Amino acid sequence: MELVSGLALAGVALFILGFIWAGFNPIERYLSPLRRFPGPAPLPFLGNLVSVATRDLTAYLADCRQAYGGVFKIWLGNQPWVCVADPDLIRRVAYRVLSRPFSHTDSIHLLAGEQWEVDCNTLVFLKNGPTWRLARRAFESSIIHPQSLAGHLPAVWRCVRRYTPRLERHAATGEPLDLSSDLADLTLAVVGEAAYGVDFRTTDEQQDGGRPADPSAPGPALVAAVRECFDCLDVNKTTMYGPLKMIWPGLTPLWRWMAKHLPDAAQTRHMRVRQKVADVSRQLMAQWQAAKAKTAAAADTAGATAASGAGAEAGAGVGVGAGAQAKPGGGGAVQAFVEVGGGISSSSFMASLLEGRRGAAKEEERLTDLQIVAQCLTFLLAGFETTAATISFTAFCLATHPEAQARLLAEVDEHFARQAAAEQQQQGQQQREGDDALPELPYLDAVLKESMRLYPAGSALIRKSPQPLDLGRDGLVIPGNTFVCLATHAVMHDPAIWPEPEAFRPERFLPEGSSSLGPMVGGAAASAPAGGGADAAAAAWVPFGMGPRMCVGSKFATMVSKAVLLQIYRRFTFELHPKQVLPLRTRTALTHAPRDGIWVVVKAR
Ligand code: HEM
C-alpha cells in the first residue's frame with residue numbers, strides 16, 4: 001500500500017517537475033535552431049505572454065525592430081516566431097511562402113476544432129493547393145474583376161443612404177458617437193448585401209439611447225456575434241487554454257481535448273458565437289437554393305421549357321415571396337433578414353459561387369456546398385471590421401488635421417458641383433450620383449492610403465512554410481514549420497523609408513510630395529505605390545499584404561471605403577469628443593483597431 005502511494009506521489013512530483021521544466025522551455029531556449037536569430041530572451045511561464053499582453057503587439061514589434069533590426073525572433077509563450085521587418089525580405093518571404101500557420105493545432109481560437117470542416121475550407125486558412133486556388137479564383141471573379149466589382153457599388157450607395165439618418169440624428173442632438181463601432185454596422189450591412197444579397201438590418205434606425213428600434217431584429221445580434229469572433233485572438237480575452245497552449249505547446253492535444261470537453265467561459269462564448277455566424281452562412285445558402293428550386297418548379301409548372309438552364313441564366317429570378325417562405329435549415333433568425341434586389345440578390349458573392357459551379361466543366365473545378373459556406377463566412381468575417389476600422393481611422397486623421405479635411409471637402413464639393421451641372425445638362429436622364437462608378441478623387445485616394453499606412457487594419461502578415469527558407473542575409477535560414485510574422489506595420493513606420501513616419505501627410509501619395517515624403521529606397525525616393533511603382537516601393541506600403549496571399553478583398557475594401565467617405569463628407573464632418581483618449585491607442589488581435597473607439601461629435605455641413 002505504502003509502495004503504491006509512494007509511487008503515486010513520485011508520479012505526481014515528476015509530472016509537476018516536468019511541467020516546470022517545460023515552462024522554462026530549455027530546448028527552445030538553448031538548443032533551438034532559431035538561436036542564431038537576435039531578439040528578446042525567452043522568459044519562463046507567463047513572462048513572454050505578459051510582456052506582449054500588457055501592451056499592443058504592434059508597438060512591441062516596432063520596439064523589437066528598433067532594438068534588433070530587420071530580422072529577429074520573439075516569444076509568444078514558449079512559441080518562438082521569426083519576425084521580418086525589412087521590405088525586401090518581406091517581399092521575398094511573401095512570394096515564397098504561400099501558407100499561413102492555421103490549423104487546429106496552430107491557432108488558439110480553432111483549438112476546440114468544433115467548426116473544423118468550415119474553418120479549414122475558408123480562403124484565409126486554406127493551405128496552398130488546388131482548393132485554395134479554386135476558392136481564390138471565385139473571390140477574384142466576384143470582387144476583383146472590374147465589372148463585377150462595380151456591380152457591388154449600388155449596394156454600397158444603398159447601405160450608406162440607410163445609414164446616414166443616424167449621423168443626422170447625432171448632428172441634431174450633439175450626442176457623441178463612437179465611429180469605429182457605429183461604422184461596423186454600416187460595413188456589416190455592405191458585406192451582408194455583397195456576400196449574401198440580404199439586408200442584415202444592422203443600420204436600422206435606433207431609438208434614443210442607441211437601442212435598436214426592433215430589439216428582435218437579427219442584425220444587432222449578428223453584429224455582436226461577429227464582433228465576439230474577433231475577440232478570440234486578443235490575448236487578454238482568450239480562453240485560458242490559449243495561454244496554456246502557448247506555454248506548453250507540446251501538450252496541445254491535451255489543451256484541445258479540454259477546450260472541447262471542459263470549455264471555460266471564454267471558450268464557451270467563442271464556440272457559441274462562431275456557431276451562430278456559421279449557421280447564418282449555412283442557412284442563407286439553403287434559403288437561396290430552396291428559393292431557386294421553387295422558382296424552377298414554378299417555371300416547370302407553367303410549361304416553361306428547360307427551366308433549369310434558362311432559370312440559371314435569368315439570374316434575377318429569386319422572388320421575395322419564394323425566399324421568404326422557404327425554411328431550409330430551419331433558420332428562424334435568417335428569415336428576419338430583409339432580402340434585397342427582388343430576392344436574395346443574384347449579384348451577390350454567394351449567388352455567383354452557386355451559379356458559377358454549374359458552368360464548371362470538371363468536378364474538381366466546383367466548390368462544394370461546404371466550401372461555399374466557408375467562403376461566404378470568410379467574406380463576412382474578413383470584410384467588415386477591417387473596413388470599418390479603416391474608415392474610422394481615416395475620420396480620426398481628418399478630425400485631427402483640419403487642413404487636410406478642408407482640402408478633402410473642397411475636392412468632394414467640387415465633384416458634386418460638377419455632377420449637378422452634368423445632370424442639369426442631361427435633364428430627363430435621372431442618373432443618381434455615382435450609381436454606376438466611383439469618381440476619380442486623387443486627394444481622397446491619398447488620404448485613404450496615408451491613413452492605412454499609419455493605421456493598417458491588418459498590422460502583420462503571418463506565414464508558415466514546411467520547407468526551410470534561406471533569407472539570403474547573414475546566413476539566416478528560417479527552419480521548416482517555423483511561425484513567421486512579417487511586421488508590415490513596422491515597415492510602414494520606418495523613418496528610413498517614410499520621412500516623418502508618424503505624421504499624417506497625404507501628399508506622400510501625390511506628385512507634389514512623393515519625392516520628399518514618399519517611400520525612400522537606399523536613401524532616394526522610389527516611385528510611389530500609387531503609380532504601380534518599383535518593387536521596393538510596393539513593399540513599403542503593404543496594408544493589404546503582398547504576394548499570392550495578398551488580401552483578395554483589397555479592391556472591394558478600397559471601393560467601399562472611398563464611397564462611404566465620399567458620401568459622409570458630402571454632408572458631415574467630425575470633431576473629436578473629449579471622451580476620446582489621446583494619443584490614440586490601438587489594439588492588435590485578429591485585426592488592428594482603435595482600443596477605446598473613435599469618439600466624435602457629428603457636425604452637419
Ligand atoms: C480595409 C480593409 C481590409 C484590410 C486592411 C485587409 C487586410 C488584409 C491583410 C493584411 C491580409 C493578409 C494578406 C497577406 O497575408 O499577405 C488579408 C487577407 C485576406 N483578406 Fe483582407 N483586408 C481588408 C478587407 C477585406 C475584405 C472586404 C475582404 C472580403 C472578401 C477581405 C478578405 C480577405 C481574405 C479572404 C484574405 C486571405 C486571402 C488569401 O489567403 O488568399 N479583406 N486582408
Side-chain angles (χ1 to χ4, degrees), residues 99-100 102-107 109-143 191-192 194-198 200 222 225-226 229 232 256 260 270-293 312 318 323 326-335 337 344-346 348-384 549 552-553 590:
S99 292
R100 298 201 175 88
F102 276 118
S103 74
H104 50 311
T105 48
D106 285 341
S107 172
H109 73 298
L110 306 181
L111 204 56
E114 84 290 355
Q115 301 274 345
W116 179 236
E117 79 284 8
V118 175
D119 287 333
C120 68
N121 273 299
T122 61
L123 187 66
V124 176
F125 299 158
L126 272 169
K127 296 225 178 302
N128 179 30
T131 314
W132 167 69
R133 277 193 290 278
L134 192 60
R136 177 101 194 174
R137 269 207 305 276
F139 270 96
E140 287 172 355
S141 58
S142 178
I143 55 173
V191 167
Y196 302 100
V198 296
F200 280 152
L222 182 71
V226 175
C229 284
C232 55
R256 286 193 58 209
K260 189 165 185 175
H270 291 155
M271 294 202 290
R272 182 173 40 77
V273 294
R274 278 161 42 75
Q275 177 77 45
K276 183 176 177 65
V277 177
D279 280 351
V280 165
S281 222
R282 285 197 191 91
Q283 290 164 4
L284 282 169
M285 187 178 79
Q287 194 169 322
W288 192 91
Q289 285 173 320
K292 196 84 187 161
V318 187
K327 286 207 169 105
V334 173
Q335 298 303 314
F337 294 133
I344 299 180
S345 164
S346 59
S348 70
F349 176 59
M350 189 179 70
S352 78
L353 296 188
L354 285 164
E355 293 291 10
R357 69 180 174 191
R358 291 178 188 233
K362 299 185 197 143
E363 184 76 31
E364 64 273 17
E365 286 171 3
R366 291 175 207 158
L367 288 171
T368 62
D369 276 5
L370 178 73
Q371 287 165 342
I372 290 180
V373 164
Q375 303 331 315
C376 293
L377 190 67
T378 306
F379 199 134
L380 179 64
L381 289 177
F384 97 100
R549 302 280 323 219
V552 79
L590 264 180

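Just so you know, these numbers come straight off a predicted model, no measurement behind them.
- No donor-acceptor distance shorter than 3.5 angstrom exists from the side chain of Gln283 to the backbone of Val280, with no hydrogens or angles considered.
- Scanning for side chain to side chain donor-acceptor pair (under 3.5 Å) contacts around Thr378 gives an empty result, with sequence neighbours left out.
- Across Val273 and Ala225, no two heavy atoms sit closer than the pair CB-O, 3.7 Å.
- Looking at heavy atoms from C-beta onward, Leu381 lies in side-chain contact with Leu377 at the 4.5 angstrom threshold.
- When every heavy atom of Glu117 is checked against every heavy atom of Asn121, the shortest pair comes out as O-ND2, 2.9 Å.
- Between Glu114 and the options Gln275, Lys260, Arg274, a side-chain hydrogen bond (donor to acceptor under 3.5 Å, both in side chains) holds for only Arg274.
- Residues satisfying the side chain to side chain donor-acceptor pair (under 3.5 Å) criterion with Ser141, sequence neighbours excluded, are absent altogether.
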Could you please spell out the steps behind the side-chain contact (heavy atoms from CB on, under 4.5 Å) verdict for Leu380 and Phe200?
CA-CA 11 Å; Leu380 179 64; Phe200 280 152; 3.7 Å; yes
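- A distance-only check finds a donor-acceptor pair linking the side chain of Ser281 to the backbone of Val373 [under 3.5 Å].
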side-chain contact (heavy atoms from CB on, under 4.5 Å) between Lys276 and Val226: does it pass, once the steps are laid out?
CA-CA 9 Å; Lys276 183 176 177 65; Val226 175; over 6 Å; no
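- At a threshold of 4.5 Å between non-hydrogen side-chain atoms, the residues Arg137 and Leu134 count as touching.
- In this structure, Gln375 contributes its side chain and Leu123 its backbone to a donor-acceptor pair below 3.5 Å.
- Across Ala374 and Val118, no two heavy atoms sit closer than the pair CB-O, 3.5 Å.
- Of the inter-residue distances, the one linking Met350 atom CE with Leu354 atom CG reads 6.0 Å to the nearest 0.5 angstrom.
- Here the CZ-CZ distance, from Phe125 to Arg100, works out to 9.0 Å after rounding to the nearest 0.5 Å.
- Residues passing the salt bridge (Lys or Arg N to Asp or Glu O under 4.0 Å) test with Arg549: none are found, sequence neighbours excluded.
- A distance below 6.0 Å separates the ring centres of Phe139 and Phe349.
- Taking 4.0 Å as the cut-off between side-chain N and carboxylate O, Asp279 and Arg282 count as a salt-bridged pair.
- The closest side-chain heavy-atom distance from Phe379 to Ile143 is below 4.5 Å.
- Nearest heavy atoms, Trp132 versus Lys127: CB-O, 3.4 Å.
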